[in-house]
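The analysis underlying the following values was restricted to heavy atoms, covering all of them including side chains, and did not include hydrogens, waters or symmetry mates. Note on naming: letters A, B, ... go to the chains in the order of the sequence lines (proteins, then strands), and numbering restarts at 1 for each one.
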There are 2 protein chains.
Amino acid sequence: MAGKQAEDREPTQAGKARSDINDVARMARVSRQTVSNVLNNRTGYSEETRARVLVAIEALDYQPHRAARSLRSQRTMQLGYHMPGEQLAADNAFVLGFIQALVRAAADHGHHVLVFTDQGDELEVFRELVAIRGVDGFILSGSRGDDPRARYLHQAGVPFALFGRTAPSLPQSWVDIDSVAGASSAVDYLVGKGHESFAYVGYDAKPWDVERLEGFRKGLADHGIRVGERSIILGDTLDAVHGDVLRLLGRKRRPTAIVSGSDVLAAVAVNAAKSLGLRIGQDVAVTGFDGGFVQQMTEPVLTSVRIPVDRIAAELIACCLREIDEGTVQSAGILIPTEIAPGGSA
Amino acid sequence: MAGKQAEDREPTQAGKARSDINDVARMARVSRQTVSNVLNNRTGYSEETRARVLVAIEALDYQPHRAARSLRSQRTMQLGYHMPGEQLAADNAFVLGFIQALVRAAADHGHHVLVFTDQGDELEVFRELVAIRGVDGFILSGSRGDDPRARYLHQAGVPFALFGRTAPSLPQSWVDIDSVAGASSAVDYLVGKGHESFAYVGYDAKPWDVERLEGFRKGLADHGIRVGERSIILGDTLDAVHGDVLRLLGRKRRPTAIVSGSDVLAAVAVNAAKSLGLRIGQDVAVTGFDGGFVQQMTEPVLTSVRIPVDRIAAELIACCLREIDEGTVQSAGILIPTEIAPGGSA
DNA sequence: TTGAAAGCGCTAACAG
DNA sequence: CTGTTAGCGCTTTCAA
């Protein structure tokens, strides 16, 4: 029941193999290139011919064979997404939504997404995919200061687009969020709610972590609010942060608002505050920075700086396709604004 | 710098286009057919010939062109994974790890994974992918009682493997976890720790939710422990569950162990307990059911029934490839055992 | 505006 | 064991 394709060739039969471009041409009484031209909306046919072809395509439920098309046109209509290979932690939560957004955005442009990971040598998988010409370009995320992947792709002359920025010396199309503005907008939001005494909780690892803290500082400065270094908690482990927040909130003059550079850490802060008997959103306000769906996991739901994944994905795909189609490396990047997603926590 | 491929044809040049099978054949002084045979480890060449070919391949850094190969062999070496299109919630957390595992497992067999989603009509994307012959088979997850995707693929004669089971009437290769045994093992674990008074927290939506509760009941029965219906909390929203757990733990004779059918709900239970001043792991034990990395997000880390994603992915890929290669629909399924991942919460 | 010829890079089928 | 001949299904090039 699985291998019945070789039974009969008659295009009108029930168990027929899929119809090909010749069937369409025959039915529309044109040559197959005309069909091809119509398919790729090239010029060179009358409106009437086009109509006939379209009817035939419809009638035969024809869809061009992807491999054949790729072989001839040197276009796979596939984009590769390199998913982080590291141990998945809560902070990768956003990757899931990101992949979904990417897949959708690519589909909007008739492309598919090949997701791959490395095990060990990071560049190996890229080399292979480039060698077999399995994709037309790549989408990268989680870029560090100097990204070897971007470096490799650039020297190999393969189009790619970056979520985040790498060394400016490298020609690249990037899309990024304005982390500084994002964190700063959280401060604005809280000030608008009447808060005057702030603390910050965040990671200290990646470039964007640094930017978020910077944005926090900038936000406060804009409002002429001062903050002591003791009110800035930077931690690697949830445990450590939990303890630090407990200490922070145990002080006689505790802050009324905690800005966090991570939803996960914000959740930790929320839990710590709750265990001290504080009411979230009333006794103390907490904001996160959107890493995905973690936002929904606290009670009350986190007020968070939302990373607009859909918008980012759309821009990335657009950039990458532009590079593929036009061969231009547009070395400028796009900064996507964040927005506050209000929950009950602030 | 991006479109320089048409400059020169000399295979020995620096900026040369990639070498093809003819280059290899010429260099190894055999016909290209022999190269192809070696590549696909078919028989029909001497050991010495093979060596020469291999050397040439190495020297020229040759890799066969995927599209050309696919066109001829009718094999894309790609598998499609249909990622849930619904709004992503915390309970989809496991999908991320699952995708990673899938991609790895596929790579182990020389295959790539195409991830796609639907927007609106679920089957539409399947039809398209089948029509253009973009993949050799599909991996599905999150199967419901009667899965239209499985039904369609079956009638279209396209190989697929299922994480979870659908209507038994449909020939299918499936891989699933033993939810009943999993939940029941959590009870065993807790009984082993001396607990005698239990409660359950879970969802009530999907088939596996029901199975987990069933497993809980079975586990208790095995040890001759009785549980009142009031100690079983089934909820849809985190808020509701939070409230219910507070009430549960506020009773004069509160349970000492809470088994949960979800890591997210277990986290909610942990937080509720903490806000009552109870010490997790001491005053009250909580176990989850692994939805991914949520386990790491509580303090202390959750003791949870781990879903072995890697194992599952490996089996799924193996099943799917078997169907593709052998054309056999093996209607039997594989039940993967879960294991307890001990944390500090129980 | 349309059609005929050529070939993308590979493997299947069969001949030597 | 090896090489030759076809042709997968499509698009490109060029001639009508």
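No donor-acceptor pair closer than 3.5 Å links the side chain of T117(A) to the backbone N or O of G85(A). A donor-acceptor pair is defined here as one N or O able to donate and one able to accept, closer than 3.5 Å; no such pair exists between the side chain of E128(B) and the backbone of G134(B). Between the side chain of D136(B) and the backbone N or O of M77(B), at least one donor-acceptor pair lies under 3.5 Å. With hydrogens and angles ignored, the 3.5 Å screen pairs no side-chain donor or acceptor of D310(B) with any backbone N or O of A313(B).
The side chain of R69(A) contributes no N or O atom lying less than 4.0 Å from OP1 or OP2 of dC8(C). Contact check, T49(B) against dT2(D): a side-chain N or O comes under 4.0 Å of OP1 or OP2. Regarding contacts with the backbone of dG3(D), a side-chain N or O of T34(B) is found under 4.0 angstrom from either OP1 or OP2. The phosphate of dT2(D) has OP1 or OP2 within less than 4.0 Å of a side-chain N or O from S46(B).
Taking the centre of each ring, F126(B) and H82(B) come in below the 6.0 Å mark.
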Would you list the protein and nucleotides 13-16 of chain C atom pairs, both N or O, that sit under 3.5 Å from each other?
none

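The distance between atom CZ of R26(B) and atom P of dG3(D), rounded to the nearest whole Å, is 14 Å. In this structure, CG of L39(B) is placed 15 Å from P of dG9(C), rounded to the nearest angstrom. When rounded to the nearest whole Å, the span between CZ of R75(B) and C1' of dG9(C) equals 19 Å. Here dC8(C) presents its P atom at 12 Å from CG of D23(B), a figure rounded to the nearest Å. The CZ atom of R42(B) sits 8 Å away from the P atom of dT11(C) (whole-angstrom rounding). One interatomic measurement links the two molecules: CG of L71(B) to C1' of dT11(D), which rounds to 12 Å at whole-angstrom precision. Rounded to an integer number of Å, the gap from N22(A) CG to dC8(D) C1' is 12 Å. N41(B) has its CG atom 12 Å from the P atom of dT11(C), to the nearest Å.
For DNA chain D, runs of at least 3 consecutive pairs of the Watson-Crick or G-U wobble type, with both hydrogen-bonding distances under 3.5 angstrom, map to C:1-14 with D:3-16.
Checking R72(B) against R29(A), the closest nucleotide of DNA chain C that is more toward the 5' end is the one next to R29(A). The residue among G44(B) and A68(B) whose nearest nucleotide of DNA chain D is located toward the 5' end is G44(B).
Of the candidates dT12(D), dG9(D), dT11(C), the closest approach to any side-chain atom of S36(A) belongs to dT12(D). Of the listed nucleotides (dG3(D), dG9(C), dG9(D)), dG9(D) has the atom at the smallest distance from the side chain of H65(A). Considering only the side chain of S73(B), dA12(C) comes nearest among dG9(D), dA12(C), dG3(C).
Residue contacts for N40(A): at a heavy-atom cut-off of 4.0 Å it reaches the sugar-phosphate backbone alone, with no base atom in range. Using a 4.0 Å heavy-atom distance criterion, S70(B) is classed as making no nucleic acid contact. Contacts of R66(A) with the nucleic acid, taken as non-hydrogen atoms under 4.0 Å apart, are absent.
Between Q78(B) and Q78(A), the side chains place a donor N or O and an acceptor N or O closer than 3.5 Å (distance only, hydrogens not considered). A side-chain donor from one of R69(B) and N40(B) sits under 3.5 Å from a side-chain acceptor of the other.
A distance of 9.5 Å separates NE2 in H65(A) from CD1 in I132(B), rounded to the nearest 0.5 Å.
Using a 4.5 Å heavy-atom threshold, the side chains of M27(B) and L60(B) count as touching. The shortest distance between side-chain heavy atoms of F163(A) and D176(A) falls below 4.5 Å.
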